Amino acid sequence: MFQGSIVALITPFKNGEVDYESLANLIEFHINNGTDAILVCGTTGESPTLTFEEHEKVIEEAVKIAKGRIKIIAGTGANATHEAIELSTHAQKVGADACLLVVPYYNKPTQEGLYRHFKAVAEEVSIPIILYNIPSRTGVEIAPETIYRLVKEHEHIVGSKESTPNMDRISEIKKMMGENFTILSGDDSLTLPMMALGAKGVISVANNIMPKEVKALVDFALKGDFKKAKEMHYYLYDLFKVLFIETNPIPVKTACWAMGMCEKEFRLPMCEMKPDNEKKLLSVLKSYNIPLVVSE
């Protein structure tokens, strides 16, 4: 149900507020370019700096804008279980198609704590849940055995987004969970190797910039045409890497601004790129013949 090329959408700001007009335009852009689903309020959507009210409204507005034309996955994770429950139940109420629940960050729970956290949320919602493993930001990862334990008890926990270079982990999850559990890459440059091991797609940062090309890579891999998928991987590789020369989502939002899709506005502690890095980013975008509304 949730596979293919899924965009981790930026959250546009203007004059200190969420820019809902630009949000609508971004969603239309992805509908028109064949993106398979949209994730809002993820890391790339600057969820840590959204107020609770903004977080809920962005999800609600995204569902309204999409009007069922594209699936909306709501980032509803938190490091406090009661907050994750509140965000997730709201997402279900307003019509989101699924929730993405990140491993609780900063407080570094034990595996038993992680199990109880995700179990508590799963007992409060009935829409599909995708777990999100990103140890570089959370300080701890959810063990494959804990995923198995959760899925065994809750059929609507349908997949995991994996932001890790550990391919043995992907093999372990795939072998343990089988075909009914969907693994999604959380890192564009790792999409191809993960899909070779059985992942079903990507929740992508680069999709914000080149959605048709990212979808082509994923579609080739899903069809088993890894020769063409590899060609697309190497074609897109420079873009994949330049979007992470500074902390995500700073480069990708800067790229969207350069393309005229949003303001170049962040919320502290996120800030604008170093001038030299921004110049590198614009140079790479130009190398792909992406139309820009700004010059280097």
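FYI, side chains are in, hydrogens and waters are out, and symmetry mates aren't considered; it's all heavy atoms of this structure. All values derive from a computational prediction rather than experimental measurement.
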Common cluster, I72/L131, ILVMFWY with side-chain heavy-atom separation under 4.5 Å: no

Main-chain N/O of I183 paired with E162 side-chain donor or acceptor, under 3.5 Å: no

Y237 atom OH, neighbour heavy-atom count above 12 within 6.0 Å: no

Side-chain donor/acceptor of Y132 to backbone N/O of S163, under 3.5 Å: no

NZ (K119) with more than 12 external heavy atoms under 6.0 Å: yes

Short side-chain to backbone donor-acceptor contact, N133 and S160, under 3.5 Å: no

Residues R149 and E112 bridged, charged N to O under 4.0 Å: yes

Minimum heavy-atom distance E60-H90, with the two atoms named: OE1-NE2, 3.8 Å

Full working for salt bridge (Lys or Arg N to Asp or Glu O under 4.0 Å) between D36 and K215: CA-CA 8 Å; D36 292 302; K215 181 172 172 58; 3.1 Å; yes

Parallel, tilted or perpendicular: ring planes of Y235 versus Y288, cut at 30 and 60 degrees: perpendicular

Salt-bridge present (E278, K264; N to O < 4.0 Å): yes

Donor-acceptor contact present, side-chain Q92 to main-chain I127, <3.5 Å: yes

Transitive ILVMFWY side-chain link L282 to F244, under 4.5 Å: yes

Flag, side chain of S283 to backbone of K279, donor-acceptor distance under 3.5 Å: no

Hphob cluster co-occupancy, I147 + V103, side-chain heavy atoms under 4.5 angstrom: yes

Polar side-chain atom of E213 near backbone of M232 as donor-acceptor pair, under 3.5 Å: no

N-O pairing of K253 and E46 below 4.0 Å: yes

Minimum heavy-atom distance L114-P109, with the two atoms named: CD2-CG, 3.8 Å

Q111 (side chain) donor-acceptor with E141 (main chain) under 3.5 angstrom: yes

Single hit among L23, L26, D19, V18 for side-chain contact (heavy atoms from CB on, under 4.5 Å) with T11: V18

Side-chain donor/acceptor of D187 to backbone N/O of T164, under 3.5 Å: no

Minimum heavy-atom distance between G139 and K108, given as atom pair plus value: O-CE, 3.5 Å

A8 versus I203, closest heavy-atom pair with distance: CB-CG2, 3.9 Å

Residues R69, E28; criterion salt bridge (Lys or Arg N to Asp or Glu O under 4.0 Å); working and verdict: CA-CA 10 Å; R69 295 173 294 163; E28 294 296 336; 2.6 Å; yes

Single-linkage hydrophobic cluster, 4.5 Å side-chain cutoff, L190 and I130 together: no

Heavy-atom pair of closest approach, residues I59 and A96: CG2-CB, 4.4 Å

Among T44, T35, D188, side-chain hydrogen bond (donor to acceptor under 3.5 Å, both in side chains) partner for N207: T35

Sidechain-backbone polar pair: Y20 side chain, E61 backbone, donor-acceptor under 3.5 Å: no

E21 CD: over 12 foreign heavy atoms closer than 6.0 Å: no

Exercise: identify the closest heavy-atom pair between K228 and F220: CD-CE2, 3.5 Å

Exam field: side chain H156 to backbone A98, donor-acceptor pair closer than 3.5 Å: no

